[in-house]
Amino acid sequence: MTPAEKSSITFDRPATSVRLPDLKVCLELLKPVTWFAAIWAFMCGVVSSGAPLAARWPELVLGMVLAGPMVCGTSQAVNDWFDRHVDAINEPDRPIPSGRMPGRWGLYIAIIWSGASLLVALPLGPWGVGATVFALAAAWGYSAPPFRFKMNGWWGNAAVALCYEGVPWFTGAAVMRNALPAPHTLIIAALYSAGAHGIMTLNDFKSIEGDLKIGVRSLPAQLGVLRASIVACIIMAVPQVCVIEFMIGWHHPLAAALIGVSLLVQLFLMRRLLEKPRERAPWYNATGTTLYVVGMLVSAFALAATGV
């Protein structure tokens with residue numbers, strides 16, 4: 001073997017080593033567009049606590065980072081790793097199935113980000129840490145064996161809705177007061193979390209083919225598109241009716257009226273959604289879901305006004 005041949009072999013060897021993922025691809029894996037829902041719910045919890053923001057702004061900023069980029073980002077990385085086979089069918093351009101995320105880095109990032117989330121939660125005290133542990137456990141349970149809640153749309157959507165709406169709301173209220181939130185706050189957070197189950201169902205319309213091939217029993221795969229969309233609409237509407245009733249009973253007529261108007265508009269939009277549910281699901285998420293989350297904030301302000 002000539003010296004030139006030896007030199008060529010030595011030079012080529014690094015090209016076959018494991019390459020690091022591009023930072024832009026890592027950010028794409030964490031899906032910043034999904035962070036809004038968790039941050040919004042956390043802010044609703046903060047508002048509902050009635051705590052003065054000026055005195056607790058470090059907890060506010062840290063909580064927003066924890067809810068969005070950290071915990072929600074972790075859930076996206078976990079889901080993409082364990083869904084890489086179904087994504088190869090439904091969305092082959094995603095970082096992992098496309099090969100832009102090399103090797104097992106999707107899994108490594110999910111593990112690293114889980115640990116980092118716990119570190120970020122430490123300054124928020126036991127309520128923040130406890131909520132983070134619960135949310136991370138649910139995120140891994142949703143996507144990873146042996147639980148893999150997402151294999152059944154009823155359980156999977158419930159887990160996601162709880163972690164995107166209920167847990168961040170609870171965390172915001174608990175951290176700002178450093179105490180268990182009042183029963184009124186817990187009730188409203190639970191209701192909006194339950195309604196978010198329907199929003200999660202609408203998000204499943206885009207992956208029906210892959211779900212059917214892999215055996216994921218999302219609600220559209222179980223019930224068909226039309227029946228799943230009807231169930232989603234009912235699940236979104238009923239908790240809001242309950243919120244309106246509670247607001248009336250707790251002497252918040254203005255909040256009840258605003259949420260009632262919002263719900264009426266949503267019902268009109270739902271009627272259009274049901275005409276072409278699969279095609280109009282993204283449209284509804286941009287319109288009806290926006291009204292849904294505005295109602296969350298209205299409820300939070302009402303709770304803060306009376307200190308409950």
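Note that these values count all heavy atoms, side chains included, but never hydrogens, waters or copies made by symmetry.
Without hydrogens or angle criteria, S193 side chain to A190 main chain gives no donor-acceptor distance under 3.5 Å. With hydrogens and angles disregarded, a donor-acceptor distance shorter than 3.5 Å links the side chain of S98 to the backbone of P95. Y292 contributes no side-chain N or O that, together with a main-chain N or O of Q266, makes up a donor-acceptor pair within less than 3.5 Å. Checking side-chain atoms of R56 against main-chain N and O of V175 turns up a donor-acceptor pair under 3.5 Å. With S262 contributing its side chain and L291 its backbone, the two residues share a donor-acceptor pair below 3.5 Å. Using a distance-only test at 3.5 Å, with no hydrogens or angles considered, no donor-acceptor pair links the side chain of D204 to the main chain of S218. Under a 3.5 Å cut-off, the side chain of T171 and the backbone N or O of V167 do form a donor-acceptor pair. Although no hydrogens or angles enter the test, the distance criterion places a donor-acceptor pair under 3.5 Å between the side chain of H197 and the main chain of W154.
With R217 as reference, Q222 is the one residue of Q222, K150, M151 to meet the side chain to side chain contact (heavy atoms under 4.5 Å, CB included) rule. With respect to P97, the side chain to side chain contact (heavy atoms under 4.5 Å, CB included) criterion is satisfied by exactly one of D87, I89, N90: D87.
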For this session: Decide yes or no on side chain to side chain contact (heavy atoms under 4.5 Å, CB included) for F82 and W140, but give the supporting numbers first.
Result: CA-CA 10 Å; F82 289 102; W140 282 88; 3.7 Å; yes
Problem set entry | Audit row: D80, K31, side chain to side chain contact (heavy atoms under 4.5 Å, CB included) steps and yes/no | CA-CA 10 Å; D80 271 25; K31 296 188 186 68; 2.7 Å; yes
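Linking Ile, Leu, Val, Met, Phe, Trp and Tyr whenever their side-chain heavy atoms come within less than 4.5 Å puts V243 and W169 in one cluster. Hydrophobic clustering places F301 together with I188 (ILVMFWY residues linked when any side-chain heavy atoms are closer than 4.5 Å, directly or through intermediates). Under the 4.5 Å side-chain heavy-atom criterion for ILVMFWY residues, no single connected hydrophobic cluster contains both F170 and L124. There is no path of hydrophobic side-chain contacts, each under 4.5 Å, that joins F246 to V238. With hydrophobic clusters built from ILVMFWY side chains whose heavy atoms lie under 4.5 angstrom apart, V47 shares a cluster with M296.
A heavy-atom distance below 4.5 Å is not found between the side chains of I109 and W81. In this structure, the side chains of D211 and P220 stay at 4.5 Å or more apart for every pair of heavy atoms. Residues I111 and R104 have side chains not in contact (no heavy-atom distance under 4.5 Å, counting atoms from C-beta outward). The side-chain heavy atoms of L263 and I244, taken from C-beta on, include a pair separated by under 4.5 Å. The closest side-chain heavy-atom distance from M176 to L53 is below 4.5 Å. The closest side-chain heavy-atom distance from P168 to I39 is not below 4.5 Å. M247 places none of its side-chain heavy atoms less than 4.5 Å from the side chain of V298. Between M101 and E28 the shortest side-chain heavy-atom distance does not fall below 4.5 Å.
A67 approaches F42 most closely through the heavy-atom pair CB-CB, 4.1 Å.
S299 and Y192 share a donor-acceptor pair across their side chains, judged by distance under 3.5 Å alone.
To the nearest 0.5 angstrom, L273 atom CG is 8.5 Å from R280 atom CZ. Distance check: L212 CG to I208 CD1 gives 7.0 Å after rounding to the nearest 0.5 Å. Atom-to-atom distance recorded for L274:CG and L269:CG is 11.0 Å, nearest 0.5 angstrom. The structure places OG of S49 at 11.5 Å from CG of N178, a figure rounded to the nearest 0.5 Å.
Ring geometry, W105 versus Y108: the interplanar angle exceeds 60°, so the pair is classed perpendicular (tilted spans 30 to 60°).
Atom CZ of F268 sits in a sparse spot, with 12 or fewer heavy atoms from other residues, nucleotides or ligands closer than 6.0 Å.
In summary, R94 and D83 do not engage in a salt bridge, as defined by a charged side-chain N under 4.0 Å from a carboxylate O.
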